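Heads up, the thing below is written out as structure tokens.
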Amino acid sequence: MIETKTNVHLDEMSREEVANYLSETVRPEDGVIPAYIMGDENVNKLEHEKIFMKTWLLLGHESELPNKGDFITRDLAGYSVIVSRGQDGSLRAFYNMCTHRGMKLCRADKGNKGQFTCPYHGFTYKNSGELIGVPLQKDIYGGQLDMEKMSLHNVTLDTYKGLIFGTWNENPEPLLEFLGDFKWYLDIVVGRTEMEVIGPPQKFIVHSQWKIGSDNFVSDSYHTMVTHGSIAKLGMVPNAAYSKKGYQVHVKNGHGCNIGMPNPDFAFPEELIPEYKENLSSDQFELMSNVKNMIGTVFPNLSFLVSHTKVKGKLISNTTLRLWKPIAPDKMEVMTWFLVDKNASEDWKYRSRESYILTFSPSGIFEQDDTEVFTDITQAAAGTLPIVKNFNYNYTMGMHREPVKDFIGPGVVYPDKFTEAGSRNFYSYWLDMMKA
Ligand code: FES
Ligand code: FE
């Protein structure tokens, strides 16, 4: 029997008290995740400070900035940053704030610029951050303005296989260590060959708590046969039981994925097999050759989906990334990127895009299935009803099972996808960060 508390008011607690209350009540190791963590404003504030201001977060994909001078502006934990490819070809990120009086320097989503001019008083910065122009400088500052000290503020940035991550943490765990063994799986998703993003990422608002998205992708394959039951009825996958077969994997730092296997047909462009073999180990290539889908989450809020479906009678693969960006406890902005294997034929890319638009794009039939569920869970968890404040979700699925030892990839691996081990691992790391 799970004990709960009554009359707990998180809004009257200090940050330390909230963290202590989380320690007492969030018990992933027992499969106990309280509903209040999905709707509480104080938990949301603490997440921003302890998680989103501390960890690596996705900013975009390198193919969005292929040329010198290309830039994108993105949100990093609620703050605007400019990611820019300098004249030397390297990527840099800056806080999108003019160092004169703090105006937002760049208001475009993307473009190509060697320099940025502030819309307020016209200070001009190189795309490598240095302040290089101040209108009437000699006259109005008497030549005394120390422009060298007025460069844009750098934001820490690093990349892995085309993914651009940023962090506000001044002393972060190196990105490669943060990703750890999960790199082995990410390689198949974004490093199997040179990947490119087609079109700008799409953004949409969902009235959902962000963790529901991350949690769904990290370990919830169980919902597929019901929530997405129409995927089988439409003949796009063989049958409703397809979602159980395969493996679930998790690694340190809360990352995890679900690998649907086996797949008798190779759904990637066959002419790229030599490239795949060059970029992947033989074990990674073997796994990739057998997958029918891969769904996962890089902690905290980057999820990916490689989905193989039949469109117009032909099997085709599509690869997407999505970011669940919290706006409020009950609201997030979702950003979705669609990627293709850059050297695939135009026909393959077209068909892959068609399958993405039909299935898991913002307007896709199956994306709608998920966001309906996310919204309803969020609504049920909101507010002050005592039965909700003291209610615990059941995350005990698969606790009786032992991981397998002979899987070809790293991590803790279960021999089918119907377990909540990945979610327990996600919330365990979430709790560690919230208590830190
Ligand atoms: Fe940018 Fe003054 S605030 S030039
Ligand atoms: Fe789903």
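Remember, predicted model here, so these are calculated numbers, not experimental data. Both counts, for ligands and for their atoms, begin at 1 and track the order of listing. Keep in mind that the numbers below use all heavy atoms, side chains included, and drop hydrogens, waters and symmetry copies.
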Does the side chain of [X] pick up a donor-acceptor pair with the side chain of [Y] at under 3.5 Å?
X: Asp370; Y: His223; answer: yes
X: Asn318; Y: Ser355; answer: yes
X: Asn169; Y: Thr167; answer: no

Once the angle between the rings of Tyr185 and Phe182 is folded into 0 to 90°, is it parallel (under 30°), tilted (30 to 60°) or perpendicular (over 60°)?
-> tilted
In terms of the angle between their ring planes, are Phe165 and Trp56 parallel, tilted or perpendicular, with boundaries placed at 30° and 60°?
-> perpendicular
Which pairs of donor and acceptor atoms, one on a side chain in residues 69-78, lie under 3.5 Å apart (sequence neighbours left out)?
| residue | atom | partner | partner atom | Å |
| --- | --- | --- | --- | --- |
| Asp70 | OD1 | Asn112 | ND2 | 2.7 |
| Asp70 | OD2 | Asn67 | N | 2.7 |
| Thr73 | OG1 | Ala108 | O | 2.6 |
| Arg74 | NH1 | Leu59 | O | 2.9 |
| Arg74 | NH1 | Glu64 | OE1 | 3.3 |
| Arg74 | NH1 | Glu64 | OE2 | 3.3 |
| Arg74 | NH2 | Glu64 | OE1 | 2.7 |
| Asp75 | OD1 | Gly78 | N | 3.1 |
| Asp75 | OD2 | Gly78 | N | 3.4 |

With ring centroids as reference points, do His255 and Tyr429 lie under 6.0 angstrom apart?
-> no
Taking the six-membered ring for Trp, are Tyr36 and Phe391 ring centroids under 6.0 Å apart?
-> no
Which protein N, O or S atoms lie under 2.8 Å from the Fe ion (ligand 2), given by chain and residue number?
-> His223 NE2, His228 NE2, Asp370 OD1, Asp370 OD2
Going by chain and residue number, what protein N/O/S atoms come nearer than 2.8 Å to atom 2 (Fe) of ligand 1?
-> His100 ND1, His121 ND1
Thr159 meets the side-chain hydrogen bond (donor to acceptor under 3.5 Å, both in side chains) criterion, sequence neighbours left out, with none
